[in-house]
Amino acid sequence: MTNLLYTDIEDALRESVRGAMERHLDPHSTTGIYDEPKPWEAKAWQSLTEELGVAGLLVPEDRGGVGAGPREAAVVLEEIGRAVAPVPYLTSSVIATQVLLELGESEHIAALAAGEATAALVLPWSARPGHWSPVQGTEPVKPVAGAMGADLLLIPVAEAGGVQLHLVKAAETTVESLVSFDMTRPLAAVTPASGEVLATGDDAHRAVEAGLQAGAALLASEQYGLARSCLETTVDYVKNRIQFARPIGSFQAIKHRLADLYLEVTQAGAAARYAAATLADDDADKAVAISVAQTYCSDVAVHAAEEAVQLHGGNGMTWEYPVHLYLKRAKSSQLALGTPEKHRQDLGPLVNITT
Amino acid sequence: MTNLLYTDIEDALRESVRGAMERHLDPHSTTGIYDEPKPWEAKAWQSLTEELGVAGLLVPEDRGGVGAGPREAAVVLEEIGRAVAPVPYLTSSVIATQVLLELGESEHIAALAAGEATAALVLPWSARPGHWSPVQGTEPVKPVAGAMGADLLLIPVAEAGGVQLHLVKAAETTVESLVSFDMTRPLAAVTPASGEVLATGDDAHRAVEAGLQAGAALLASEQYGLARSCLETTVDYVKNRIQFARPIGSFQAIKHRLADLYLEVTQAGAAARYAAATLADDDADKAVAISVAQTYCSDVAVHAAEEAVQLHGGNGMTWEYPVHLYLKRAKSSQLALGTPEKHRQDLGPLVNITT
Amino acid sequence: MSDPKTMLRQRVDELLATYDPATVSATEFLGARFDAGLAWVHFPEGHGGLGLPQEYNEDVANWLAEAGAPEPDRSRNGIGLGMVAPTIMAIGTKEQQEKYLRPLYTCEEIWCQLFSEPGAGSDLAAVATKAVLSGDTWTVDGQKVWTSGAHHAKRAILVARTDIEVPKHAGMTYFLVDMEDPGIEVRPLRQITGEAEFNEVFLNGVKIPDADRVGETGEGWKVATTTLNNERVAIGSGADREAGHIGVLAEKWRKYPAIRSEAAYHELMHWWIEAEVTRLTGERLRQQLEVGQPGPEGSAMKLAFATQAQAITGLAIELDPDHGLLYDDWTMHRPDSTDFLGRDVGFRYLRAKGNSLEGGSSEILRNVVAERVLGLPAEQRLDKGIPFKDVPR
Amino acid sequence: MSDPKTMLRQRVDELLATYDPATVSATEFLGARFDAGLAWVHFPEGHGGLGLPQEYNEDVANWLAEAGAPEPDRSRNGIGLGMVAPTIMAIGTKEQQEKYLRPLYTCEEIWCQLFSEPGAGSDLAAVATKAVLSGDTWTVDGQKVWTSGAHHAKRAILVARTDIEVPKHAGMTYFLVDMEDPGIEVRPLRQITGEAEFNEVFLNGVKIPDADRVGETGEGWKVATTTLNNERVAIGSGADREAGHIGVLAEKWRKYPAIRSEAAYHELMHWWIEAEVTRLTGERLRQQLEVGQPGPEGSAMKLAFATQAQAITGLAIELDPDHGLLYDDWTMHRPDSTDFLGRDVGFRYLRAKGNSLEGGSSEILRNVVAERVLGLPAEQRLDKGIPFKDVPR
């Protein structure tokens, strides 16, 4: 079976990204986004793109990237999840980048890899691999993730007999921001527009599909990072919070719940890693791995965040404590790129289980 | 809303039945049924029928019964569940009796009410109200509950355009006993046969339907009685079982699980009571009440028995301790008269929720 | 002598004849109702009652409702009406009863509750806010939290530590506080929903006359328990089918076929059934109360309500992802009252997270059920018999 | 000098040339394999090994399997091979190693485990079976339970109490016992399934030479822990997809369309996914072990296995009610080994109930994960530092 462990290089990458997130983000300023919306935290994004160059992980060196791959991008996303970082890594550096990669595009992809531009795929954020429809008519598409602040929009438009993929400059259409449940990945309504046609028919379809697959596969790692962070934060909190003259983490009911959560988070890690690895290897089991990871990691992230709120007691309910940021991100991510129910629905036929 | 409390008369009835079960049953002899199968425990059944006369609770006085109703029968079934009593009360005194009641039959019903005879409805034990098929062909019907040892068999046979309900004396056909998961309610394969035709067409259909409805409504009370007994036995056990120099019932994880189980059992009691009450009142909400009670009480009984096994530790896994009798009865009863999944499926349209 | 019902009917008619609800103010009407002994008929005469059995309150309420008479605003003064009034009636002095009950009832004086502290959440008896007596005036210093309505309350009930040399349950005292005292500062406490439904309250040198102590010095725990017991009585009893979150979701399901699927159907029905059995349990509890046989189900039912509220709102978000990804409004507000069902699904989901914390966390309630209902052995207490000052915090 | 792999290949070829698996008995072949140092290559020379790294065992096993050579019967002598051998090797005396390892390996001597007692289940250190030394012979009295294979075992490992004046963990000693001692009575212990897979073992005046003590007197807890740790290593690592209960159910689903429904589909897929993520976790654990970085996942994975086994077999019964209402056979048997997947669905359901009890109950494992993996504070111990005789039991 494919390797599920982290390489030394990946460990080093994790350390760099974690350091950058710690330097450039703090929970209070992240919470501030809810009152003063912005597409992303400029300093954190700059650090990821300019200092660390991780926007180009998926892109080969000869097209302006660093020639790594999904395993490495997954490590970055684990750290983004851990920090609930408001950065467009998943939408621009993974999904949009993968769409362009698939098309053999090289001009814009170099700009994305270098962090000189960001892009977004214009589909509702709930679209999933194998189940999405190209944009019809002139009504705004919503809710679209990563479109706020993006330079480039990739719009798959319905055409007689298929899809036409348009590259539209943000300035050439209207991107209206929406009040999002998770303001750290703000959503927008994007008015469809025509632009440079990148591909049509099967090519266009395949490229969008590849973008969504990469997004779903690697979102699992972001969810895992978030879940693990919730577990660690909560373990730490219950060790230190004293009630009834003892740390509440010494109460057996709480210990057992956290033991169960540890199991879930650990398994989520294996599932996310397997999804990233099969994507990297273009393994025949890729579609199975993605559905498994999306179903499992989505729910584990929500459960971990919900347990974090509950076990932080009243503090978990406040605006002051950062726990709420995790819950909002987790719940939104559960809906992103297909709900667990939909992925479970998709999985059966892949493993010869049908109704 | 209908009265969900117990009357003083019902409390007295409960006490009598409980006393009889305690006098005439002990867990060891009940376990013995697994090695030496028998249709029921003669002494316990005799006590219920001859001493207490509860076989006639559903039957009006002018037809040889005591003219009580489903509420009182439900109390008897709670106690039968509590004792995992191997008696054909549900199959004969409720289901078969209700079928005959519906038909206005008075000869055999008097014998059933007096405990002079027992009867069984010949359908697979998984048949449920609204979803059963009359017997086709000559293949044995199985698994049928209550047929072993019964004097009379009520066989709904498929006829051109409907159902014909036959009354067959046990001696006139073949009743072959089956190795049952729950040997305290043994199952059999019954070879179809012709006998006295009690009804045809809609009348026959309505009678069978009434029998299954009464069975499903009141099985919930048996399940509640069983669940409550498991809770009480387990609470008692964990108060007295010492490990790590303290009763295991002082460990918070166990306390919290039992608190959750208390909630379930309490709610099961309300659901079962409501089903019995709506049956008694022939309330318009009866079908809803039955599906709710069957879905909920089936699962609570299984959960209570499973928790009992686990919290009795190794002892719960032994043949010696009676806990296994409860698990086997609970799991079988979950399948009886429709699984929770099927009842949940039935319920939606009744409350205007459809897919 | 006439039976109580006839007598009450007469009094109600007289009240309505003298104070026409259509013309007098709510305050005036409620004051007159109080003076007529029709506020809470089971209270003694002179304190808004007539010393009759509690069950007659329902009749009075029904008759007055028919006549379109105003009721006291429970959403604004729930603490006053539900907790303070019974506590003062049971334990307060005659002076306290005379001074506080009437304006409380007319809602001229809104009350709030100063119990929880940052270090005393589940462990309510760990309050550290200090009250020191000098002459016949107490001086209070400390911090309270999770106080709803503090910004429009005239008065508060307060539990404070008056002796740190005795074990924690023995060193607390219960007071009535004037919220207009210059030593009180109220700050909004913003929540996960974006709203500030609650407040933090800072007490710096707040003065309380000893006459506003309720119960003896050192008996605050006992008095607070009386107050809190009044909070949990008859929880959710007698609700209609599909009341609450499940009804909102079922209605949406019926209205929007697009959100339906087979898998979601079974999950929806699962929670529908859970809500229904809890409703039936509440109905049975109501029937038991009616015949004077209250059961111990209340604490367990609160567990069920919290679980269901959280699961159902979570499911509601999943059923309509493109809508669930949005939120109605993050702007900071200070709402006058709590509406769990108000606003959009995202708000309902976040607000429901509080249901397993406020009014006794689900963990504490499971302890209560295990120990008081099932009789399981209590947790080892590490703070038992130790002076408060020596207890680890 | 040749590299280990080449040398091992030569030895295997020599062994196969001298002892043709097709003609010699399994016992003879395994004896020769032991003598050639190919039983467990990481053991020292003379004890069935060659002092090589553990990883080479897989090569040897593969080569021998290709040649159709017999392996020791792990289903009958799992305790001997998996627990006794490593314990004797780590802590036993030279004499014990010489006397016991070879017949254990050839399965001429089957071993069983005398640890659990009626009063010492989760609390293994509460054993009350007493061993008293007189001269150089111990006399043992007591009762053990949950002993699998006791009725065909030649030998046993035993933990007994040798000092009641010290705290419980300090007063236990570990012995090797001859099951043919006349003081030993083995009674079948019938289980929920109808089978008697386990036994009760009564010890009355059983004699044990002091030479069969393992470790020092009073160090039995430490030795037993070594034994039990060997039990939990590498649990379920490297299994195939759909191994275990989920595979049985998935196959049935594929074969019998009649049992399918939309609701069941989602429940089946739920457990399919649970089983798959546990499998992936096991695979990752295997990869970690391979590179010498074992993780702490084992205990948590055992929780997952038990939960899944119980839920999946329960679901399997529900999916086919008319079949689930039946059982294959209630007759009391004493099976030679355990097969969780053998027999029909009813048996599998009942047998799976033991998965959360045997080898560390799920409750104990959650404690282990919480305390040793997450570092949460340990439960208050009421038996700490108290002589065993004074501990409540």
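Hydrogens, waters and symmetry mates play no part in the numbers below; they use all other heavy atoms, side chains included. Sequence lines set the chain letters: A, B, ... in the order given, protein chains first and strands last, and positions in each chain run from 1.
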Task: Residue selection (most heavy-atom pairs with chain B, distance under 4.5 Å) from P257(C), G295(C), A300(C) - done: A300(C)

- [ ] Could you list all the ring pair (Phe, Tyr, Trp, His ring centres under 6.0 Å) pairs where at least one residue sits in residues 361-381 of chain C, not counting sequence neighbours?
- [x] none

Open item on the list: Please classify the contact between E363(C) and chain B as side chain, backbone, both or neither, with a heavy-atom cut-off of under 4.5 Å.
Closed with: both

Open item on the list: For R260(C), which atoms come within 4.5 Å of any heavy atom of chain B: side chain, backbone, both, or neither?
Closed with: side chain

- [ ] Report, as yes or no, whether the 6.0 Å neighbourhood of atom CD on E71(C) holds more than 12 heavy atoms from other residues, nucleotides or ligands.
- [x] yes

Open item on the list: Nearest 0.5 angstrom please: E341(B) CD to H266(C) NE2, how far?
Closed with: 5.5 Å

Open item on the list: So V292(B) and W272(C), do their side chains get closer than 4.5 Å, heavy atoms only?
Closed with: yes

Task: Pairs of heavy atoms under 4.5 Å with chain C: top-ranked of T354(B), L347(B), D299(B) - done: T354(B)

Task: Under 4.5 Å from a heavy atom of chain C, the part of T234(B) involved - done: neither

- [ ] Check whether any side-chain heavy atom of Y274(B) sits under 4.5 Å from a side-chain heavy atom of T281(C), and report yes or no.
- [x] no

TODO: Over all heavy atoms of both residues, which pair between Y265(C) and R344(B) is shortest? Give the atoms and the distance, please.
DONE: OH-O, 3.0 Å

Open item on the list: Taking side chain as everything from C-beta outward and backbone as N, CA, C, O, which of these in D285(B) sits under 4.5 Å from a heavy atom of chain C? Side chain, backbone, both or neither.
Closed with: side chain

TODO: Could you tell me which portion of D260(B) (side chain, backbone, both or neither) has an atom closer than 4.5 angstrom to a non-hydrogen atom of chain C?
DONE: side chain

Task: Exercise: identify the closest heavy-atom pair between L374(C) and K239(B) - done: O-NZ, 3.2 Å

Open item on the list: Is S261(C) close to chain B through its backbone or its side chain, or both, or neither, when contacts mean heavy atoms under 4.5 Å?
Closed with: backbone

Open item on the list: For the interface with chain C, which of G269(B), A270(B), G249(B) has the highest count of heavy-atom pairs at distances below 4.5 Å?
Closed with: A270(B)

Task: Engaged part of Q345(B) at the chain C interface, taking heavy atoms whose separation is under 4.5 Å - done: both

Task: Contacting moiety of L268(C), where chain B heavy atoms sit under 4.5 Å - done: side chain

- [ ] For Q287(C) and L4(B), work out which heavy atoms get closest and say how close.
- [x] OE1-N, 2.7 Å

Open item on the list: Any non-hydrogen side-chain atom of E276(C) less than 4.5 Å from a side-chain atom of V351(B)?
Closed with: no

Open item on the list: Quick check for you: to the nearest 0.5 Å, what is the distance between F251(B) atom CZ and L376(C) atom CG?
Closed with: 13.0 Å

Open item on the list: Donor-acceptor check, side chain of W253(C) to backbone of T355(B), threshold 3.5 angstrom: yes or no?
Closed with: no

- [ ] Against chain B, label R254(C) side chain, backbone, both or neither, depending on which of its atoms sit under 4.5 Å from a heavy atom there.
- [x] side chain

Task: Shortest non-hydrogen separation from L263(B) to A304(C) and the atoms involved - done: CD2-CB, 3.8 Å

Task: I9(B) CD1: over 12 foreign heavy atoms closer than 6.0 Å - done: no

TODO: Indicate the atoms forming the closest heavy-atom contact of S250(B) with P377(C), along with that distance.
DONE: CB-CB, 3.7 Å

Open item on the list: Are the side chains of R284(C) and T266(B) in contact, using a 4.5 Å heavy-atom criterion?
Closed with: yes

- [ ] Measure the spacing between CD of E274(C) and CD of Q267(B) and express it to the nearest 0.5 Å.
- [x] 6.5 Å

- [ ] Counting only heavy atoms closer than 4.5 Å, note whether E232(B) contacts chain C via side chain, backbone, both or neither.
- [x] neither

Task: CD (E55(C)) with more than 12 external heavy atoms under 6.0 Å - done: yes

Open item on the list: Quick check: closest heavy atoms across V369(C) and Y262(B), and the distance to 0.1 Å?
Closed with: CG1-CD2, 3.5 Å

TODO: Indicate yes or no: at least one non-hydrogen side-chain atom of M1(B) is less than 4.5 angstrom from one of L280(C).
DONE: yes

Open item on the list: Looking at chain B, which one of T307(C), I259(C), N367(C) has the largest number of heavy-atom pairs inside 4.5 Å, strictly under?
Closed with: N367(C)

Open item on the list: With a 4.5 angstrom heavy-atom cut-off, is it the side chain or the backbone of T295(B) that approaches chain C, or both, or neither?
Closed with: side chain

